[in-house]
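One structure is given below, encoded as structure tokens.
Hydrogens, waters and symmetry mates play no part in the numbers below; they use all other heavy atoms, side chains included. So you know, we letter chains A, B, ... as the sequences are listed, proteins then strands, and number each from 1.
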Amino acid sequence: MHEPSHHILEEESQLVQIRLQKLQQLRAMGLDPFAHERYEVTHALQTIHEEYEQLEGKTVSVAGRIVAIRKMGKATFAHLMDSTGKLQIYLKADEQGDKYDLIDLWDLGDYLGVQGFVFKTRTGEVTVHVQTFTMLAKAIRPVPFPKEKGEQRWYELHDVEQRYRQRYLDLLVNPDSRQRLISRCRMIREIRRFLDERGFLEVETPVLQPMAGGAAARPFITHHNALDREFQLRIALELHLKRLLIGGIDRVYEIGRVFRNEGISTRHNPEFTMLELYQAYANLEDIMSLVEALFRYVAERVFGTTVFEMHGVQVDFSQPWQRIRLMDAIREHTGLTEADFETLESAIRAAEKVGIYVERKDTIGGIIEKVLEKCVAEHLQQPTFVYGFPIDTSPLAKREPDNPRFTRRFEGYIFGKEVANAFSELNDPLEQRARFEQQYALRQAGDEEAHPFDEDFLHAMEYGMPPAGGLGIGIDRMAMLLTGTDSIREVIFFPQMREG
RNA sequence: GAGCCGGUAGCUCAGUGGUAGAGCAACGGACUUUUAAUCCGUGGGUCGAGGGUUCGAAUCCCUCCCGGCUCACCA
């Protein structure tokens, strides 16, 4: 919390003082830029370019931020920018009269509304020949717009810290950042469209929960004053969506923020966006097909291609994903076999053989998953479903009928990174109770991330849950790989930062 | 949490013990189809913060803050 401050009026830099003086001058002339509410805009800036043939010589009214000014004595050129693009404007002193001097009060970043006719300069640039103009808002701090020539840019805003803390500036001046973040938004829109087309109902479920469940992670804890009790912020969407499945919503999904009280890194933000969906009467293979179709759909509709590249590796989402059993993948890349993971002792020896540090709390399944992460994942560059996960790390998934140490669960990998997690959902309430009991034992033994025992969820399942396939996708991770970035902060508008 | 790197003008950066710099931006001037406009001129700094060493510190030392990367943690 900051105390209110009027420091900008006295202490700010010369650059700010000069802009404040310009503001005063405008106000003294009765031209307060902040007095405007509405400006009649007939065209977005990009449409002036697109519809030039029809618009040539016609009068238009446009608005945007000033991003460049080139004053040449008694003629002035400037560029305006709005969310669709940029447009050059042109003013002549002899047409503007006294108003021409107002140009001296313009700064980069100010909002301008102009009315004039459309023409092309002798160099062929579509331009509005301004008849009247109005300043619609003033920027009293300098906005670091880069100089540009074609695709080249000079003096961009590079400082990563400033780009994250002041994302509005990053969005304004760095087209790549703007494009990447907008792509993320469009991805989410297309995911919704894809699922809506297939009859899924989008729902919202509680963020505040008595006990956060559905995943293995440490929750954030908060307090409800009126009830005077502790709540946890959700770490997954799973258990409430399954309750809706029980309630007869056969195809259900949620795209929502989940919160995990863990480290921050290039691949982890404490709050991130998860898609979870559940489809009654579908199995693991149905979900694999759904994932293949989903990636292809989003790729085509948002990026106009199914081919993506990262670190020199190309993938093509028009092709089916590879499928490999987890233990087969481990054998292929480490030489370790299922027999090496028969007992905890042998599993620990096997892990050490491939250089993995085993913690006291690790179970056999936990060790197998560590081997997957450390030794196998990097090899899964092409889209791949790894299936058959250990039972003790998959307490919400059905057993494999002929291999009860493993479950009907897969993870999807692309470019060596996990992007999807899916099960044939466990719907046997008696077995679910036993699985929760195992998790409870782990928790008692000190594993803070073991799944909590959720009696209310078991009670719901006892009324009958249909067989179903379920899927979770980390939207941020998906956005990272489709936009080709290694940092989760680049696909979150306002990533978590320390107080600066 | 550990290691490495970084924080200097509004922006991008140079400056490794001796008067704080450059380009762009800003300000003043010239210029009526320019476009990284051009030309002439001017101002602008808590060198992340605090402490120390020194005649003298942006620079060397210590502590702290913030960030990046890697690792650990996070199935």
For this session: Decide side-chain contact (heavy atoms from CB on, under 4.5 Å) for E276(A) and V258(A); before the verdict, give the C-alpha distance in whole Å, the side-chain angles of both, and the deciding distance to 0.1 Å.
Result: CA-CA 11 Å; E276(A) 286 195 29; V258(A) 298; 5.9 Å; no
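Residue-level contact check: A216(A) touches the bases, meaning some heavy atom is under 4.0 Å from a base atom. Residue contacts shown for Q88(A) include a base, since a base heavy atom lies under 4.0 Å away. Contacts of H129(A) with the nucleic acid, taken as non-hydrogen atoms under 4.0 Å apart, are absent. Among the atoms of the strands shown, only primed sugar atoms or phosphate atoms (P, OP1, OP2) are found under 4.0 Å from some heavy atom of D159(A). Among the atoms of the strands shown, none is found under 4.0 Å from any heavy atom of Y100(A). Within the nucleic acid shown, K22(A) comes within 4.0 Å of sugar-phosphate atoms alone, with no base atom in reach, counting heavy atoms only. Nucleic acid contact for E125(A): base, since at least one base atom lies under 4.0 Å from a heavy atom of the residue.
Taking the side chain as every heavy atom from C-beta outward, L426(A) and L396(A) never approach each other to under 4.5 Å.
For D94(A), the CG atom counts as densely surrounded, since its 6.0 Å shell holds more than 12 non-hydrogen atoms of other residues, nucleotides or ligands. Within 6.0 Å of CZ in R218(A) there are 12 or fewer heavy atoms belonging to other residues, nucleotides or ligands. Environment of OH in Y440(A): sparse, with no more than 12 heavy atoms of neighbouring residues, nucleotides or ligands closer than 6.0 Å.
Distance check on atom C1': rC11(B) versus rA26(B) gives 12 Å, rounded to whole Å. Going from the P atom of rA9(B) to that of rG50(B) covers 16 Å, rounded to whole Å. With C1' as the reference atom, rG23(B) and rC64(B) are 34 Å apart, rounded to whole Å. A distance of about 30 Å separates the P atoms of rA2(B) and rG15(B), rounded to the whole Å.
Judged by Watson-Crick or G-U wobble contacts below 3.5 Å, the nucleotide rA26(B) has rU42(B) as its partner.
For the pair Q496(A) CD and rG67(B) P, the interatomic distance rounds to 10 Å; values are reported in whole Å. Atom NZ in K92(A) sits about 11 Å away from atom P in rU32(B), given to the nearest Å. Put simply, CD1 on I140(A) is 14 Å from C1' on rG10(B), counting in whole angstrom units. As rounded to whole Å, 16 Å separates atom C1' of rA26(B) from atom CZ of R141(A).
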Shorter than 3.5 Å, N or O on both sides, protein versus nucleotides 68-71 of chain B: list them out with atom names.
| from | atom 1 | to | atom 2 | distance (Å) |
| --- | --- | --- | --- | --- |
| rG68(B) | OP1 | R489(A) | NE | 3.3 |
| rG68(B) | OP1 | R489(A) | NH1 | 3.2 |
| rC69(B) | OP2 | R489(A) | NH1 | 3.4 |

Which atoms of nucleotides 40-43 of chain B (N or O only) lie under 3.5 Å from a protein N or O atom, and what are those distances?
| from | atom 1 | to | atom 2 | distance (Å) |
| --- | --- | --- | --- | --- |
| rG43(B) | O2' | Q14(A) | NE2 | 3.1 |
| rG43(B) | N2 | Q14(A) | OE1 | 3.3 |

Shorter than 3.5 Å, N or O on both sides, protein versus nucleotides 28-31 of chain B: list them out with atom names.
| from | atom 1 | to | atom 2 | distance (Å) |
| --- | --- | --- | --- | --- |
| rC31(B) | N3 | G73(A) | N | 2.9 |
| rC31(B) | N4 | G73(A) | N | 3.1 |

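R70(A) has a side-chain polar atom (N or O) that falls below the 4.0 Å cut-off from OP1 or OP2 of rA37(B). Close to rU34(B), at under 4.0 Å from its OP1 or OP2, lies a side-chain N or O of R122(A). Look at K147(A) and you'll find a side-chain N or O under 4.0 angstrom from OP1 or OP2 of rA37(B). Of the side-chain N and O atoms in R153(A), none sit less than 4.0 angstrom from OP1 or OP2 of rA36(B). Residue R498(A) places at least one side-chain N or O closer than 4.0 Å to OP1 or OP2 of rG67(B).
If you look at W106(A) and F133(A), their ring centroids are closer than 6.0 Å.
Side chain of T127(A), nearest nucleotide from rU34(B), rC24(B), rU33(B): rU34(B). In this structure, of rA36(B), rU32(B), rA26(B), it is rA36(B) that holds the atom nearest to the side chain of K149(A).
Judged by ring centres under 5.5 Å apart and planes tilted less than 30 degrees, W154(A) stacks against the six-membered base ring of rA36(B). Under the stacking definition used here (centres under 5.5 Å, planes under 30°), the residue F77(A) qualifies as stacked on the base of rU34(B).
Each of R409(A), R405(A), R325(A), R408(A) was scored for a salt bridge (Lys or Arg N to Asp or Glu O under 4.0 Å) with E400(A), with one residue passing: R325(A).
Using cut-offs of 30° and 60° on the angle between ring planes, the pair H379(A) and H333(A) is parallel.
Using a 3.5 Å distance cut-off with no hydrogens or angles, the side chains of Q88(A) and Y90(A) do not pair a donor with an acceptor.
Here the side chain of T384(A) pairs no donor or acceptor atom with the backbone of Q322(A) at under 3.5 angstrom.
Nearest approach of R489(A) to Q496(A), heavy atoms of both residues: NE-O, 4.4 Å.
A salt bridge between D340(A) and R349(A) is absent, with no side-chain N of the basic residue lying under 4.0 Å from a carboxylate O of the acidic one.
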